[in-house]
Each structure stands twice: as structure tokens, then as C-alpha cells.
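It should be emphasised that the depicted structure is a prediction, and the values quoted were computed from it without experimental measurement.
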Amino acid sequence: MAYTSSLNLPKHLLLPSPRRTRHRPSSFVPTAAAKVNGDAPERPAPNGKARINGQGKKGVNGHADRIHLSVSTGGGGQDGSGLRVAFQGAPGAYSEFAAKTALPGCDTVPCRAFADALAAVERGGADRAILPVESTMEGTALRNYDLLLRHGLVVVQEINLFVHYCLLAMPGVRAAEVRRVISHPMALAHCGRALARLGVDREPVEDTAGAVEMLRSKRMLDTAAIASPRAADLYGLQVLAHGLQDESWNVTRFLLLSRPPSPVAVALGVDADAKTSMVVAHRGGSMVVVLKVLSAFSSRNINLTKLEVINNEGAGSGPGERPPVVILDTSARGAPTLRAFPHVLYVDCEGAAHDPRVREAIQEMERFAVFVRVLGCYAADSTVYDLQ
């Protein structure tokens, strides 16, 4: 049986850093859209900043406005110009917007599946791949960590994106004429209560932008799609409703991956605001191992920003059983080897991997764990960015 901890987004991950540049709101401002929760339509704030759920300087649940990203990219220009970023989905997908927020000058490469995005980087067809790995609504149900572990790419950047769902339709279509809604299965699940109030049928498709693309190409007049407000602008659709998500605070964390060696880790100083991600595999005695991992970091005054425990005892064939976690051992002599482990911990800690304290903590874990692999070292970015 598998169990995991819930997504760890402490308070400091929900507030913008004062060191970032100011937010650049989208030029697209829908004017005729209503919120399904009965609130007034969203309009720009007087100061030019975007509103979220009808609020001005304060965002969802009183959190401050999301702002635009500006960080070192490790290749390409300062804004990522010259870099190609592979993402899963069609143009207009949330993953593409996350890539463009992280690296505004990058060129995006759409891929059919997440595995195709990773493969594009491995074969040189792209410089980065972007994966959604966890969300405040689904935890790590996205399971892209499992995919990440099977490949030898390294994490070079993170970005937290506020996911704002809208109901989009062909121009001229009224909400009362909609009989069916299409979108990614997770988007449909996130908007379950709103869709139930609308009394429409639901049809899952591969991704949110793909739903919009289908809606536009087939000129479906009795169907609406759930996607982002920017997708509406990109495909020339109208927004029938804003804020469809059942939970107002809906944040997804994305990781950007590169071929090793990491182009950004070497530029991070020991005192830099950095984060290191790793996976720790062990044979059993989960609580004992968890306590040892906590001790390795706490004894050195290192904070953890994520700790997830995976216990997959079964073979994956029985009801409720999940197969062991498969990890690519990049330290093996000769060609990298895939290894299976039933007990795994995902760990994110503050500090660079070459920080002596972090390095000592990793060395301590290597003495009692079966296997430890550092997934990446990158600049910590606690800001939550908004598409609005």
C-alpha cells in the first residue's frame, strides 16, 4: 500500500519575494464574463494590477499579488532567449504559460506526452523540459516525479503558478446554450461543483489547450472548454465564466529540467537562496528512516521544504497496490541502470548541494540508505505567479 504526505507549501511559499520584478498583467481583459459563484465579473484594479477572485492589491485568501519572474536562466539570455522549452500539450496549455513565465524569452516546443518532452531534451531537440509535479488540490497525484526519476535530467528551476480556470466558448455562444464541457480530466475534477451547478455533460480530453483547439477547429456551438484566460485570447474565444475552480487557492508547482551537468548549479554560491531536491531509497522501517533523515538535516540547521514518503509494498498487481518506484541510477559504473525500490522519500531542502552542510547531510544519509540521488540544485523561488 502506498501513502504520501500532503503537498508541503508553507507560508513562505505563498508570498512573493520583494526581490522580484513587478507583475506584468496580460493585455487580455475579458469584459463580459461572469463568475459562476455569483460574484461580479473580474475587472482590472485601478492601479493596473490584475485582480484575482475580485480582489485588488490582495489576492486569493488575502495573499499578495503574484508578480513576474526574473532569475538567472543558466544558458540563453537573462530572460531565457535562445532556449527551447518542451512542454506537454497544445499551444496555450498551462505548462506553456509556466515556461513563458519562468523564461519569458524562450521558444516553446509542444509535445503529446510528458515523456515526449523529456525525450526532446535528451535527444537535443529542446534545452529544457517543464513538468507539473504537485498542486495544492491534487498533492503529488500528478505522479510526474515517477517519470522524472526514470530519466537522467536535472532540475534547474522551479515555478509556482496560480491556476485560474475559465469557461470558454465560440464567439456568440451563450452559457444557456452549452450542453457539454470538455477539458483535461484534472481540470474537470477541479471544477466539479461549478459544472454540477451548470448542469452540463463532461468529456475528458488530453489537455486544456487541446480542448480549446478542438472547440475552435470544429466550431462546436453546444460545447465549452475549461482553460486559461490567455488560451481564450490565443484562440479568439469568449470567456463565459471566470473562477470555475472549486477551491480559490489552486497552485501548481512546475520544475524545469535540463541535461546534466546542471547549467545553473555552478553559479549558485554557498550563501545563495538555493534549494536541493533529492530522492532517498531504503529497504524498510519507514519511520526510523524518516527520523534519521530529519536528524541529518535538523542537526545542521537545514530546513526542509518538502518531505514525501512512498511505501509501495505490493507488486502493483493487486487492488490498491502500486508497483515499486523505478529510479535511474546515474552513478552506476558504465551505462546508467534502472533500479526498483518499494520505499522512497522525496526531499527538498534549503541550500545548495555544494554547501558543506548539505553535502554532509547527504553523506550521512548515504550511510543508512540503500540509494541517494540528487535530482537538482537550483535557485529557490517561493513566489506564486499569476496568468492574469
Side-chain angles (χ1 to χ4, degrees), residues 25-45 50-55 60 87-98 110 112 132 135 137-138 161-250 252 386-388:
S26 168
S27 59
F28 171 60
V29 182
T31 58
K35 294 194 69 174
V36 296
N37 295 330
D39 298 329
E42 297 184 20
R43 302 186 184 278
R51 293 177 185 267
I52 300 174
N53 291 350
Q55 300 180 38
V60 179
F87 69 97
Q88 184 275 330
Y94 285 98
S95 291
E96 183 183 35
F97 290 135
R112 183 176 180 84
S135 79
M137 293 186 69
E138 295 290 335
L161 186 70
F162 179 82
V163 177
H164 181 84
Y165 288 123
C166 296
L167 189 66
L168 312 182
M170 292 290 294
V173 173
R174 295 176 300 171
E177 298 172 326
V178 175
R179 298 289 179 265
R180 179 179 59 164
V181 173
I182 58 176
S183 194
H184 186 277
M186 192 168 291
L188 294 173
H190 287 177
C191 304
R193 291 199 296 269
L195 295 179
R197 286 193 293 272
L198 292 172
V200 294
D201 295 329
R202 311 171 197 184
E203 181 179 317
V205 295
E206 286 188 348
D207 59 83
T208 55
V212 173
E213 197 173 47
M214 181 189 306
L215 186 71
R216 185 70 188 181
S217 63
K218 296 184 178 180
R219 300 190 61 80
M220 304 164 77
L221 300 181
D222 65 341
T223 302
I226 295 175
S228 71
R230 287 191 181 179
D233 192 30
L234 181 64
Y235 289 91
L237 300 177
Q238 67 173 335
V239 181
L240 296 180
H242 276 284
L244 255 68
Q245 59 268 20
D246 294 338
E247 302 295 334
S248 60
W249 189 244
N250 184 14
T252 296
D386 178 33
L387 289 179
Q388 292 282 64

So which heavy atom on [X] is nearest to which on [Y], and how close?
X: Ala224; Y: Ala169; value: CB-CB, 4.5 Å
X: Ala93; Y: Phe87; value: CB-CE1, 4.1 Å
X: Asp207; Y: Ala90; value: OD1-N, 3.5 Å
X: Ser95; Y: Gln88; value: CB-O, 4.2 Å
X: Pro171; Y: Arg216; value: CD-NH1, 3.7 Å

I'd like to check [X] versus [Y] (side-chain heavy atoms, cut-off strictly below 4.5 Å). Are they in contact?
X: Met170; Y: Met220; answer: no
X: Val205; Y: Met214; answer: yes
X: Thr252; Y: Tyr94; answer: no
X: Leu168; Y: Ile226; answer: no
X: Glu96; Y: Pro110; answer: no
X: Thr208; Y: Ser228; answer: no
X: Leu234; Y: Pro91; answer: yes

Donor-acceptor contact below 3.5 Å, side chain Asp246 vs main chain Arg193:
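Checking the backbone N and O of Arg193 against the side chain of Asp246, a donor-acceptor pair under 3.5 Å is found.
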
Note to self: Just to verify, which of Leu237, Val239, Leu198 counts as forming a side chain to side chain contact (heavy atoms under 4.5 Å, CB included) with Leu167?
What the structure shows: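 Among Leu237, Val239, Leu198, the one meeting side chain to side chain contact (heavy atoms under 4.5 Å, CB included) with Leu167 is Leu198.
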
Paired with Val181, the side chain to side chain contact (heavy atoms under 4.5 Å, CB included) test is passed by just one of Leu244, Val200, Asp201, Thr223, namely Val200

Item to complete: Evaluate side-chain contact (heavy atoms from CB on, under 4.5 Å) for Glu177 paired with Leu221, printing each intermediate quantity in order.
Response: CA-CA 8 Å; Glu177 298 172 326; Leu221 300 181; over 6 Å; no

task = Test Arg112 against Glu206 for side-chain contact (heavy atoms from CB on, under 4.5 Å), laying out the working first.
result = CA-CA 9 Å; Arg112 183 176 180 84; Glu206 286 188 348; 2.7 Å; yes

Sequence neighbours excluded, the answer for side chain to side chain donor-acceptor pair (under 3.5 Å) partners of Tyr165 is His190

Report the distance from atom SG of Cys191 to atom CZ of Arg197, rounding to the nearest 0.5 Å.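 Going from the SG atom of Cys191 to the CZ atom of Arg197 covers 10.5 Å.
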
In this structure, CG of Leu240 is separated from CZ of Arg174 (nearest 0.5 Å) by 11.0 Å

